[in-house]
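See structure below.
Since we're looking at a predicted model, the values are computed, not measured. These values consider heavy atoms only, across backbone and side chains, with no hydrogens, waters or symmetry-generated copies.
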Amino acid sequence: SAIWGRSAHEVVFAFNEANRGTTVVWDGTSFLQRPSGDVQERFSAMTGTSGSLVFGGVAGALQRQQYFPPPSPDVAGSYGRSEAVPTGIVAGDVVDVWGMDDSDVWMLDDHGAAFHGSIDPRASNPWAAGDAAPEDSAGLGLWGSGPDDVWVVREVVEKTGQVSMRFGHYDGKTWTPSSVSCAPASNYGLVAAALNAHRHVWGASTNDIWAIGRKAKCACHYDGKQWSERPLPPDPASATYLETPTATVWSNGEATIAAG
């Protein structure tokens with residue numbers, strides 16, 4: 001499941017059902033089933049831009065649903081039927097998508113490779129590889145505050161057994177790498193199963209970003225200057241954030257929506 005919101009009056013909840021995805025919209029009062037909101041294929045990641053919903057699936061497949069603004073900001077807008085986004089790239093399964101505008105969207109695959117392009121059907125700019133993935137890395141997530149502030153988060157298990165959280169930052173021109181080494185989670189199987197359904201990176205601002213791995217026994221925080229390790233509880237499997245492995249939460253300060 002996934003949640004993405006434009007405002008307290010418009011929060012989209014998406015989930016897989018049979019061989020396709022389904023979306024419903026929270027309008028501030030109730031959930032509205034949108035028959036036109038079906039996604040043609042099952043998805044593994046979702047985000048929203050100023051003009052669309054974007055869904056990522058297997059083998060780099062992307063789907064787009066065009067957004068139609070409401071007549072009033074106090075009601076929810078609507079979304080068109082999904083359409084495939086041709087990218088022309090070879091990628092693994094999509095683990096995360098992020099973008100603020102239809103012409104500026106990032107995609108991350110399970111091998112940690114990042115790609116950049118447009119989901120606008122009128123665009124002529126092709127999709128291209130972004131930040132190269134470190135060897136044997138696993139892609140975890142994407143987050144950004146704008147076109148010149150995008151983060152890619154990956155995880156690598158070192159030969160020593162330590163887990164390295166790898167971060168790539170894009171400033172609009174170049175990529176800058178950084179990393180944090182964490183102890184491995186002893187109960188990796190349970191931790192991985194629980195965390196696979198969660199976003200692995202999220203930021204409140206450019207100097208307050210959090211990331212968590214699948215195999216790492218730590219969370220990482222960025223304070224605007226550097227990433228640092230924040231140890232998890234002694235037994236992560238008993239922590240409350242792992243008790244509902246399919247839960248997702250969205251909040252904008254006015255409204256909080258949880259789904260599980």
Worksheet entry | Partners passing ring pair (Phe, Tyr, Trp, His ring centres under 6.0 Å) against Trp210 (at least two apart in sequence or in another chain) |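 Partners of Trp210 by the ring pair (Phe, Tyr, Trp, His ring centres under 6.0 Å) criterion, ordered by chain and then number, come out as His221.
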Fill in: Residues in ring pair (Phe, Tyr, Trp, His ring centres under 6.0 Å) contact with His116, at least two apart in sequence or another chain
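Listed in chain order: Trp106.
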Worksheet entry | Side chains of Gln63 and Val54 in contact at under 4.5 Å (non-hydrogen atoms) |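 Not in contact.
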Item to complete: Would you mind reporting whether Thr23 and Gln65 have side-chain heavy atoms less than 4.5 Å apart?
Response: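 Of all side-chain heavy-atom pairs linking Thr23 with Gln65, at least one is under 4.5 Å.
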Worksheet item: Between Arg6 and Tyr67, is NZ or CZ placed under 6.0 angstrom from the six-membered ring centre and within 45° of the ring axis?
Response: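 Yes, a cation-pi geometry.
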Spacing of [atom1] belonging to [X] relative to [atom2] belonging to [Y], to within rounding of 0.5 Å:
X      : Y      : atom1 : atom2 : value
Leu62  : Ser52  : CG    : OG    : 11.5 Å
Trp143 : His169 : CH2   : NE2   : 8.5 Å
Glu229 : Cys220 : CD    : SG    : 6.5 Å
Phe55  : Leu53  : CZ    : CG    : 5.0 Å

Practice prompt. Identify whether the distance between the nearest side-chain nitrogen and carboxylate oxygen of Arg122 and Asp102 falls below 4.0 Å.
Written response: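 Result for this pair is no, no salt bridge flagged.
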Worksheet item: How about Phe115 and Trp127: are their ring centroids closer than 6.0 Å?
Response: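 No; Trp127 has its ring centre 6.0 Å or more from that of Phe115.
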Item to complete: State plainly whether one hydrophobic cluster holds both Met46 and Val25, where clusters connect Ile, Leu, Val, Met, Phe, Trp and Tyr through side-chain heavy atoms under 4.5 angstrom apart.
Response: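 Yes.
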